[in-house]
Amino acid sequence: EDAKFDKPKVTFDDKDNIFVTWLEKTGNEGTVAFSVSRDAGRTFSDEVTVIKGDIDYADLFVKNESIYLVYSEDNSINIISSNDNGASWSERTIIAEYSPYDDILEKQRVIKRSGNKGVRVNSDPQLVLSDGTLHITYSAMSDNGEFSEVYYVSGDIFGMTFSEPLQVSSNSHSDKFMPAITCKDDAIHILYYSSQNDPDNLLTEAYIAASLNNGRSFSCKNISTGSFDPHGIVVAGSYMGDYISITTSKNGLVGFLTDG
């Protein structure tokens, strides 16, 4: 079976080194591949396999001449590091464990399934680094297995110690999913979708969860002018468009999302 190449990520340091990682999927096995350029991108090293397994997502960042790779595998979010530009990697540290989505439609994990339609979801960790603290958000099934929830976790990358996952929203009777995160100083903002205003848990709006105390608690606000039916915009049965993102500019927050 031919490999599928997916989800490339790139970062760099202050010495003209560029680090790239991507997934190579063959069946149910995923390989995290890695390459480095030491001449500002003119040439790259041969591909190196970092890890293999049931891996759906990986991202990397650089801090104090160390490379850190965050990835999801075996219903957990994990981190490994390299101090020699990717030649060797540490043993994994588990950041968080989560309950996976178990409704499968056309080989995709979905929520809001109705007949041959649903909304594709995943537990890919979205992350941002601020002064040595790693801030991560992801979505997963709630502990009781009824709804999708958005979670937040943080930790010290030098000591490799991480907080317990915190459920961002206090509403526990609807799906919240596809989060993205940004951070500036002690202010953390998470953009996500929520169906909490629809008793049928279908119509969807965009919310911002804000923390001004470095992630100890969040307040959530609806930023949509109206709701939409995700079943009305999905393609191939479940693809709504899961490339949601948010960043902090000098003038405030800038978010990008799908809206039906």
Side-chain angles (χ1 to χ4, degrees), residues 3-98 122-138 140 151-165 179-184 188 214-215 245 247:
K4 174 186 176 183
F5 295 81
D6 198 14
K7 301 178 181 176
K9 301 291 182 179
V10 62
T11 191
F12 55 90
D13 62 17
D14 57 2
K15 297 180 180 179
D16 287 336
N17 294 317
I18 300 174
F19 307 97
V20 181
T21 188
W22 64 94
L23 291 183
E24 297 181 11
K25 297 282 288 187
T26 304
N28 293 326
E29 184 176 75
T31 295
V32 178
F34 173 85
S35 180
V36 59
S37 170
R38 306 186 192 283
D39 53 15
R42 289 184 290 274
T43 62
F44 281 84
S45 66
D46 291 338
E47 171 187 331
V48 174
T49 297
V50 179
I51 44 176
K52 282 186 176 183
D54 186 13
I55 299 167
D56 294 317
Y57 183 88
D59 200 355
L60 77 166
F61 58 92
V62 177
K63 182 69 174 179
N64 292 354
E65 300 186 356
S66 293
I67 309 169
Y68 296 86
L69 183 78
V70 177
Y71 64 98
S72 56
E73 181 187 23
D74 297 333
N75 304 331
S76 65
I77 297 170
N78 313 281
I79 186 170
I80 57 177
S81 62
S82 173
N83 297 318
D84 52 14
N85 288 325
S88 62
W89 295 83
S90 68
E91 294 294 318
R92 75 168 180 170
T93 295
I94 297 176
I95 296 174
E97 296 178 314
Y98 57 83
N122 55 57
S123 296
D124 297 349
Q126 307 300 309
L127 57 97
V128 63
L129 181 67
S130 177
D131 295 329
T133 298
L134 186 62
H135 304 273
I136 294 177
T137 186
Y138 62 95
Y151 296 93
Y152 165 82
V153 63
S154 66
D156 173 16
I157 62 170
F158 305 116
M160 289 293 188
T161 56
F162 295 90
S163 64
E164 290 295 318
I181 189 169
T182 187
C183 176
K184 184 177 181 181
I188 303 163
N214 209 27
S245 61
T247 190

Visitor: If I take atom OH from residue Tyr98 and atom OH from residue Tyr151, how far apart are they, to the nearest 0.5 angstrom?
Guide: 12.5 Å

Visitor: Could you pull out the closest heavy-atom pair between Thr43 and Ser37, with the gap in Å?
Guide: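 Closest heavy-atom pair between Thr43 and Ser37: O-OG, 2.7 Å.
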
Visitor: Taking all non-hydrogen atoms of both residues into account, name the closest pair between Thr133 and Ser154 and its distance.
Guide: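 Reported closest heavy-atom pair: CG2-CB, 4.3 Å.
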
Visitor: Could you go through Ser130 and Cys183, starting from their C-alpha distance and side-chain angles, then the distance that decides it, and tell me whether this counts as side-chain contact (heavy atoms from CB on, under 4.5 Å)?
Guide: CA-CA 7 Å; Ser130 177; Cys183 176; 3.9 Å; yes

Visitor: To the nearest 0.5 Å, how far apart are CD1 in Ile79 and CZ in Arg92?
Guide: 13.0 Å

Visitor: So, taking the atom named CH2 in Trp22 and the one named CZ in Phe34, what distance separates them when rounded to the nearest 0.5 Å?
Guide: 9.0 Å

Visitor: Tell me which one of Asn78, Thr161, Ile136, Leu127 satisfies side-chain contact (heavy atoms from CB on, under 4.5 Å) with Ile95.
Guide: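 Considering Asn78, Thr161, Ile136, Leu127, a side-chain contact (heavy atoms from CB on, under 4.5 Å) with Ile95 is found only for Ile136.
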
Visitor: Does the side chain of Tyr138 come within less than 4.5 Å of Pro165's, by heavy atoms?
Guide: yes

Visitor: In residues 44-53, what donor-acceptor pairs under 3.5 Å come from side-chain atoms, sequence neighbours left out?
Guide:
residue	atom	partner	partner atom	Å
Ser45	OG	Ser35	OG	3.4
Ser45	OG	Val36	N	3.0
Ser45	OG	Val36	O	3.4

Visitor: Atom CG in Asn17, atom CD in Glu65: separation rounded to 0.5 Å?
Guide: 9.5 Å

Visitor: Can you name the residues that form a ring pair (Phe, Tyr, Trp, His ring centres under 6.0 Å) with Phe162, not counting sequence neighbours?
Guide: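 Phe162 satisfies ring pair (Phe, Tyr, Trp, His ring centres under 6.0 Å) with no residue once adjacent residues are dropped.
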
Visitor: Between Ser82 and Asp84, do the side chains contain an N or O donor and an N or O acceptor separated by less than 3.5 Å?
Guide: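 The criterion, which ignores hydrogens and geometry beyond distance, is satisfied for Asp84 and Ser82.
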
Visitor: At their closest point, which heavy atom of Ile94 faces which heavy atom of Glu97, and how far apart are they?
Guide: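 Heavy-atom minimum between the residues: CG2-CG, 3.9 Å.
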
Visitor: Given 3.5 Å as the limit, does a donor-acceptor pair link the side chain of Asp74 with the main chain of Ser76, or not?
Guide: no

Visitor: A side-chain contact here means heavy atoms from C-beta on lying under 4.5 Å apart; do Val70 and Ile77 qualify?
Guide: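 The answer is yes, as the side chains (C-beta and beyond) meet within the 4.5 Å cut-off.
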
Visitor: Taking all heavy atoms of Gly41 and all of Ile18, pick out the closest pair and write down the distance.
Guide: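 In terms of heavy atoms, the two residues are closest at N-CD1, 3.5 Å.
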
Visitor: Mind checking the CZ-OH spacing from Phe19 to Tyr68? Nearest 0.5 Å is all I need.
Guide: 12.5 Å

Visitor: Which side-chain N or O atoms in residues 54-64 pair as donor and acceptor under 3.5 Å with protein atoms at least two apart or in another chain?
Guide:
residue	atom	partner	partner atom	Å
Asp56	OD1	Lys25	NZ	3.2
Tyr57	OH	Lys9	NZ	3.4

Visitor: Rounded to the nearest 0.5 Å, what separates atom CE in Met160 from atom CD1 in Ile80?
Guide: 9.0 Å

Visitor: So, the side chain of Thr21 versus the backbone of Ala33: is there a donor-acceptor pair under 3.5 Å, distance only?
Guide: yes

Visitor: Can you find a side-chain donor-acceptor pair between Ser81 and Asn83 that sits under 3.5 Å?
Guide: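 There is no such pair between these side chains.
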
